[in-house]
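For the single chain, residues carry numbers from 1 onward in sequence order. Given the structure is predicted, the values throughout are model-derived calculations rather than measurements.
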Amino acid sequence: MNLSSAHPLVDGRTSSSPLVRALRGDRPETTPVWFMRQAGRSLPEYLAAREGVAMLDSCLDPALASEITLQPVRRHKVDAGIFFSDIVVPLRLAEVDVDIAPGVGPVLGEPVRTPADVDRLLEKTLTDEALQPIRDAVGLTVAELGSTPLIGFAGAPFTLAAYMVEGRPSRDHLGARRMMHTDPESWARLTTWAADVTGTFLRAQVLAGTSAAQLFDSWAGSLSLADYVAHVAPSSARALSHVKDLPVPVIHFGTGTGHLLPAMRDVGADVVGVDYRTPLDEANAMLGGTTPLQGNIDPALLGAPWPVLEAHVRDVVERGRTAPAHVVNLGHGVPPDTDPTVLTRVVELVHSL
């Protein structure tokens, strides 16, 4: 399928941007940089905008979601906006009983653990009508961003399934890992449903105007390579198949996934996000020197003295030069207590190198 003639990649607004060029394997004159969770609690303007508004409600209010997405672009002059949402938004839109509890994270009314639970889940669908607030928010944001690209956002099926099985955040995801072995049929049905819901969510964002797409697999690092390939990769590939026919670069990121990088690329990603644990030159070697990379400033060092952080950022950029192309990012999200002036200074440093 072709993108519309008004899409930023088609009408030329973002096709030559540093971010899109780098994601497509080019080396722009300025190294692009953006930050996961750049729209969030580190910004006083975000706290003001969100005051009194629940997280999922803010994600589904097009004007508010757009404003929050734009805030870090205005403040930091980053090279991309990342659509403000949450990985469980498509679950809510499919009428799954899920909410985000302050200080806890996603909590489900009823965990999905048995074949009967999966049967009930599969009765739920993500309709085109339900996605209208997402399309509206993307449209509003793209209209304001101009030549700065917007990145679409979705959670990978394993991470969504882990939340659904556990019913809430978990340190080790034992329930999900157990289910894939004790009841592989139900696990496959669950992750296939999650793949289609999150893939549909991602596709809606791209068609509405995002210039790239990123699949987040927050918890994949808890898996062995064998389990990832056998029980997770097929659903991740299915999720990305929903945007495969669209000419947008796809980024795949997970935490603690240094041992999974080639497998994560091979599900259909153009770019691999690397967390702070794996040096970029080592990641490039693991990937055969053919894949653009994104990452991987250690978020903990955002609170270090500037000379320490500056040396680290310079090292990340230098190691990134070994790859075909590089987008600077953090090796995870922006910590809520980060001084926003530090992020602005990091952007200025990266652009100067």
Do D275 and T255 get their side chains close enough for a donor-acceptor pair, meaning under 3.5 Å? no
Show me the donor-acceptor pairs, under 3.5 Å and distance only, between side chains in residues 228-238 and residues at least two apart or in other chains.
{"residue": "S235", "atom": "OG", "partner": "V232", "partner atom": "O", "Å": "2.9"}
{"residue": "R238", "atom": "NE", "partner": "D196", "partner atom": "OD1", "Å": "2.8"}
{"residue": "R238", "atom": "NE", "partner": "D196", "partner atom": "OD2", "Å": "3.2"}
{"residue": "R238", "atom": "NH2", "partner": "D196", "partner atom": "OD2", "Å": "3.0"}

By side chain to side chain contact (heavy atoms under 4.5 Å, CB included) - contacts of S222 (at least two apart): F158, H173, R177
Taking all heavy atoms of L302 and all of P335, pick out the closest pair and write down the distance. CD1-CD, 3.9 Å
Compare every heavy atom of A188 with every heavy atom of T191, then report the nearest pair and how far apart it is. OG1-O, 3.3 Å
Exercise answer: donor-acceptor pairs, residues 314-329 side-chain atoms, under 3.5 Å, sequence neighbours excluded:
{"residue": "R314", "atom": "NE", "partner": "E310", "partner atom": "OE2", "Å": "3.1"}
{"residue": "R314", "atom": "NH2", "partner": "E310", "partner atom": "OE2", "Å": "3.1"}
{"residue": "D315", "atom": "OD1", "partner": "R319", "partner atom": "NE", "Å": "3.3"}
{"residue": "D315", "atom": "OD2", "partner": "R319", "partner atom": "NE", "Å": "2.8"}
{"residue": "E318", "atom": "OE1", "partner": "R321", "partner atom": "NE", "Å": "3.4"}
{"residue": "R319", "atom": "NH1", "partner": "D281", "partner atom": "OD1", "Å": "2.9"}
{"residue": "R319", "atom": "NH1", "partner": "D281", "partner atom": "OD2", "Å": "3.0"}
{"residue": "T322", "atom": "OG1", "partner": "R319", "partner atom": "O", "Å": "2.7"}
{"residue": "H326", "atom": "NE2", "partner": "G295", "partner atom": "O", "Å": "2.7"}
{"residue": "N329", "atom": "OD1", "partner": "M36", "partner atom": "N", "Å": "2.9"}
{"residue": "N329", "atom": "ND2", "partner": "W34", "partner atom": "O", "Å": "3.2"}

Across all chains, not counting sequence neighbours, the side chain to side chain contact (heavy atoms under 4.5 Å, CB included) partners of A116 are T114, R120
Show me the donor-acceptor pairs, under 3.5 Å and distance only, between side chains in residues 346-353 and residues at least two apart or in other chains.
{"residue": "H351", "atom": "NE2", "partner": "D79", "partner atom": "OD2", "Å": "2.6"}
{"residue": "S352", "atom": "OG", "partner": "L349", "partner atom": "O", "Å": "2.7"}

Answer yes or no: is there a donor N or O on one side and an acceptor on the other, between the side chain of T125 and the main chain of T127, under 3.5 Å? no
Shortest non-hydrogen separation from G167 to P111 and the atoms involved: CA-CG, 4.0 Å
Taking E67 first and then R74, would you say they form a salt bridge - that is, a charged N and a carboxylate O separated by under 4.0 Å? yes
In terms of side-chain heavy atoms, does S66 have a donor or acceptor partner in T141 at a distance below 3.5 Å? yes
Residues passing the salt bridge (charged side-chain N to carboxylate O under 4.0 Å, His left out) test with R41, sequence neighbours excluded, are none
Ring pair (Phe, Tyr, Trp, His ring centres under 6.0 Å) pairs, two or more places apart, involving residues 65-121: Y46-F84
Before giving the answer on side chain to side chain contact (heavy atoms under 4.5 Å, CB included), spell out for L343 and S42 the whole-Å C-alpha distance, their side-chain angles and the decisive distance to 0.1 Å. CA-CA 10 Å; L343 294 175; S42 67; 4.3 Å; yes
Side chain proximity check, R345 to D339, heavy atoms < 4.5 angstrom: no
Sorted by chain and residue number, the side chain to side chain contact (heavy atoms under 4.5 Å, CB included) partners of D61 (sequence neighbours excluded) come out as A63, L64
Straight-line distance of H259 NE2 to S224 OG, nearest 0.5 Å: 7.0 Å
Between S85 and F201, is the side chain to side chain contact (heavy atoms under 4.5 Å, CB included) condition met? List the steps. CA-CA 11 Å; S85 190; F201 177 65; 3.4 Å; yes
Answer whether the closest heavy-atom distance between the side chains of R203 and L207 falls below 4.5 Å. yes
Audit row: Q38, I82, side chain to side chain contact (heavy atoms under 4.5 Å, CB included) steps and yes/no: CA-CA 8 Å; Q38 64 187 19; I82 177 71; 3.8 Å; yes
Under 3.5 Å donor-acceptor pairs involving side-chain atoms of residues 86-107, not counting sequence neighbours:
{"residue": "D86", "atom": "OD2", "partner": "V88", "partner atom": "N", "Å": "3.0"}
{"residue": "R92", "atom": "NE", "partner": "V98", "partner atom": "O", "Å": "3.2"}
{"residue": "R92", "atom": "NH2", "partner": "V98", "partner atom": "O", "Å": "3.1"}

Contacts of D119 that satisfy salt bridge (charged side-chain N to carboxylate O under 4.0 Å, His left out) - sequence neighbours left out: R189
For H332 and N296, does a side-chain donor sit closer than 3.5 Å to a side-chain acceptor? no
Interatomic distance, S147 atom OG to R13 atom CZ [nearest 0.5 angstrom]: 9.5 Å
List the atom pairs, with distances to 0.1 Å, where a side-chain N or O of residues 129-138 and a protein N or O form a donor-acceptor pair under 3.5 Å, not counting sequence neighbours.
{"residue": "Q132", "atom": "OE1", "partner": "R135", "partner atom": "NE", "Å": "3.2"}
{"residue": "Q132", "atom": "OE1", "partner": "R135", "partner atom": "NH2", "Å": "2.9"}
{"residue": "Q132", "atom": "NE2", "partner": "D136", "partner atom": "OD1", "Å": "2.7"}
{"residue": "R135", "atom": "NH1", "partner": "D128", "partner atom": "OD1", "Å": "3.1"}
{"residue": "R135", "atom": "NH2", "partner": "D128", "partner atom": "O", "Å": "2.8"}

Short side-chain donor-acceptor distance under 3.5 Å, R265 and T291: yes
Path from L126 to F153 over hydrophobic side-chain contacts below 4.5 Å: yes
Under 4.0 Å between a side-chain nitrogen and a carboxylate oxygen: does that hold for R24 and D26? no
Please enumerate all residues that pass side chain to side chain contact (heavy atoms under 4.5 Å, CB included) together with S17, with sequence neighbours excluded. T14, L19, V20, P149
